[in-house]
Amino acid sequence: MTDTIPGTGAPRPTRRPGALSLAPDFPMLWGASAVSLLGNGISSAALPLLAATLSTDPVVVASVVVVGRLPWLLFALPAGAMADRWDRKRAMWLADLVRAALTGVLAVAVAAGFASIGLLMAVGFLIAVADTVFDSSNTAVLPKVVSGDPDRIRRANSWLVGTRTTVESFAGPPLGGLLFGFSRALPFVGDALSFLLSAALLRRMRGDYHVSRNAYGETGLWRAVAEGCSWLWRQPVLRSITAVAGLFNVACLAQTAIFVLFAQQELGLGAFGFSLLLAVGSFGSLFGAAQAGRLNAWFGTAVSLRLALVVAGAACLATAVAPDAWTAGAAEVLAGFAAAIWNVNQMSLRQSGTPDHLLGRVTGAHRLVTYGGMPFGALLGGLLASAAGLRASFVVAGAIMLALAVFAAATITRSRVAELVGEPAAGRG
């Protein structure tokens with residue numbers, strides 16, 4: 001029987017679940033993400049500030065980012081295959097413990113005065129190896145946590161993206177800047193503690209997150225990797241999203257790698273001002289994460305994805321000509337809004353449209369392209385800054401994103417999204 005409002009006969013509005021009611025294990029997954037992302041946010045401000053104290057050469061500073069992204073190029077595929085073979089929950093908390101130990105080593109080295117560009121590269125590389133294991137397992141585990149319902153997957157991703165924005169982009173960077181001002185080692189101590197707390201929360205999850213052996217089979221590692229890559233290639237929407245996301249991240253890293261120098265040399269900001277500039281984009285991200293479902297209802301997922309690319313490109317170009325921190329901050333708000341819309345939708349489509357036993361491998365293949373291109377984006381940003389000035393990276397990034405919006409208009413269509421996940425294909429686009 002349909003639930004109605006007494007005395008009216010009208011259907012009772014469906015109450016959207018909050019984080020606590022999405023699924024029994026979701027609060028633990030959400031909490032672990034929150035504390036870990038807070039640590040990431042602290043380090044996102046402290047690490048470039050530390051690198052900038054060791055060198056003012058844009059190529060050298062960008063190289064720290066390049067090396068920290070290389071593991072995605074080298075290990076994303078085997079990490080994805082392992083996420084389809086191991087207990088995903090166990091893989092996540094073990095990766096957290098490894099990251100805690102490595103970040104703790106960095107904190108000790110900084111406190112003892114042994115910090116160097118080489119050390120930052122080495123620790124960043126090893127942490128990113130653990131990141132590949134954690135990310136593939138984390139992405140693959142979410143649909144099972146919320147029982148595989150596409151609407152719950154999107155809502156869960158909205159919560160996670162909103163939380164990422166609040167703690168990693170809003171709270172973390174200013175805190176990182178403040179801690180760095182007191183002691184260069186403190187931000188890294190905080191990051192290590194966040195990984196330990198995340199591991200503790202993940203261990204409290206009660207569900208069984210093994211992949212069925214019958215579904216996975218006894219396939220060898222590289223044959224399993226090939227199976228996941230082949231499946232992804234045969235899905236037009238997911239294939240296009242992966243290609244777009246790869247170039248999107250190249251454009252993003254071209255800016256991120258030199259953003260600390262841009263803030264200091266072009267906008268005249270100090271450590272705390274730089275941290276605030278990183279944080280201000282979170283307002284746009286929070287709004288985007290909260291409104292992703294509404295935009296999808298109005299325009300459909302395909303159009304929402306394309307609009308996100310247009311807004312992101314416009315934000316890059318606005319930053320390129322920003323005369324002051326206020327204008328750059330407004331552009332960061334737009335960029336945050338676009339990134340949230342893009343991330344909620346592309347993650348939800350991939351998780352809803354991929355069979356569980358393939359999701360780790362498909363995620364690994366997706367990350368190979370999307371994260372594997374980041375080192376080249378960071379290097380591109382450093383080279384552009386050296387050759388044409390710090391603002392050149394933002395111009396090139398904006399042009400790339402607008403070109404991607406044109407490509408997406410032809411390849412990420414309503415009909416293809418409907419074929420993948422069953423979203424209504426009515427309307428244009």
Side-chain angles (χ1 to χ4, degrees), residues 14-38 40 80 83-84 88-89 91-93 96 134-170 198 201-209 211 237-238 241 245 282 285-297 300-301 304-305 308 336-337 339-360 362-363 366-367 370 417 420-423:
T14 301
R15 182 177 180 271
R16 293 188 175 186
L20 295 178
S21 59
L22 274 170
D25 274 348
F26 186 71
M28 295 298 104
L29 184 65
W30 179 40
S33 296
V35 295
S36 180
L37 290 169
L38 178 62
N40 288 350
D84 285 343
R88 291 164 175 168
K89 179 182 74 172
M92 286 190 291
W93 65 256
D96 267 338
F134 184 93
D135 183 79
S136 294
S137 298
N138 184 55
T139 302
V141 84
L142 178 64
K144 197 167 184 179
V145 168
V146 296
S147 303
D149 177 75
D151 188 51
R152 282 176 173 257
I153 290 173
R154 183 192 56 75
R155 293 177 188 173
N157 279 322
S158 293
W159 274 99
L160 292 172
V161 170
T163 300
R164 175 183 293 274
T165 297
T166 303
V167 298
E168 186 178 41
S169 301
F170 180 68
S198 174
L201 289 170
L202 290 170
R203 291 202 65 179
R204 294 188 61 191
M205 292 172 61
R206 300 174 182 175
D208 179 7
Y209 298 106
V211 175
V237 168
L238 297 184
I241 284 175
S282 64
S285 295
L286 281 173
F287 185 68
Q291 298 302 315
R294 182 170 296 178
L295 286 177
N296 289 355
T301 303
S304 293
L305 285 167
F337 174 82
I341 296 297
W342 172 263
N343 285 326
V344 167
N345 283 312
Q346 64 91 5
M347 287 190 296
S348 299
L349 282 177
R350 190 169 67 257
Q351 291 166 328
S352 300
T354 305
D356 178 65
H357 71 284
L358 286 169
L359 189 49
V362 168
T363 297
H366 177 84
R367 294 297 192 225
T370 58
V417 169
L420 179 68
V421 296
E423 181 178 286

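Since the model is a prediction, treat every value here as computed from it, not as a measurement.
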Indicate the atoms forming the closest heavy-atom contact of Leu160 with Ser33, along with that distance.
-> CD2-OG, 3.9 Å
Would you give the length of the straight line joining atom CG of Leu202 to atom CG of Asp25, rounded to the nearest 0.5 angstrom?
-> 10.0 Å
Minimum heavy-atom distance Ser136-Thr363, with the two atoms named = CA-CG2, 4.0 Å
In Å, rounded to the nearest 0.5 Å, how long is the span from CG of Leu295 to CD1 of Ile341?
-> 4.5 Å
Side-chain touch Lys144/Leu359, heavy atoms, less than 4.5 angstrom | no
Taking only residues two or more places apart in sequence or in another chain, which ones pass side-chain contact (heavy atoms from CB on, under 4.5 Å) with Met28?
-> Leu201, Arg204, Met205
Looking only at heavy atoms, the pair that brings Leu305 and Gln346 closest together is CD2-N, 4.0 Å
Taking all atoms of both residues into account, what is the closest heavy-atom pair of Asp96 and Ser198, and its distance?
-> OD2-OG, 2.6 Å
Side chains of Arg154 and Asn296: does their closest heavy-atom pair fall under 4.5 Å?
-> yes
Test side-chain contact (heavy atoms from CB on, under 4.5 Å) applied to Ala339 - qualifying residues, sequence neighbours left out = Asn343
Value for CG (Asn138) from NZ (Lys89), rounded to nearest 0.5 Å, stands at 14.0 Å
Which is it for Asn157 and Gln351 under the side chain to side chain contact (heavy atoms under 4.5 Å, CB included) test, yes or no, and what are the steps along the way?
-> CA-CA 10 Å; Asn157 279 322; Gln351 291 166 328; 2.7 Å; yes
Do Val161 and Met347 come within less than 4.5 Å of each other through their side chains, counting heavy atoms only?
-> yes
Passes side chain to side chain contact (heavy atoms under 4.5 Å, CB included), Leu238 versus Thr354? Steps please.
-> CA-CA 9 Å; Leu238 297 184; Thr354 305; 3.9 Å; yes
Rounded distance (nearest 0.5 Å) linking atom CH2 of Trp93 with atom OG of Ser137 | 12.5 Å
Nearest heavy atoms of Ala245 and Thr370, plus distance in Å = CB-CG2, 3.3 Å
Mark yes or no for whether Ser36, through its side chain, and Ala32, through its backbone, hold a donor-acceptor pair below 3.5 Å.
-> no
Report yes if some heavy atom in the side chain of Arg367 is under 4.5 Å from a heavy atom in the side chain of Thr139; otherwise report no.
-> yes
Scanning both residues in full, the closest heavy-atom pair of Ala289 with Ala340 reads N-CB, 3.6 Å
Can you find a pair of side-chain heavy atoms, one from Met92 and one from Leu29, that are under 4.5 Å apart?
-> yes
Measure the spacing between CZ of Arg152 and CZ of Phe26 and express it to the nearest 0.5 Å.
-> 10.5 Å
Can a donor-acceptor pair be found between the side chains of Asn345 and Ser304 at a distance below 3.5 Å?
-> no
Distance (rounded to the nearest 0.5 Å) between Arg88 CZ and Leu142 CG | 11.0 Å
Contacts of Leu286 that satisfy side-chain contact (heavy atoms from CB on, under 4.5 Å) - sequence neighbours left out = Thr165, Thr166
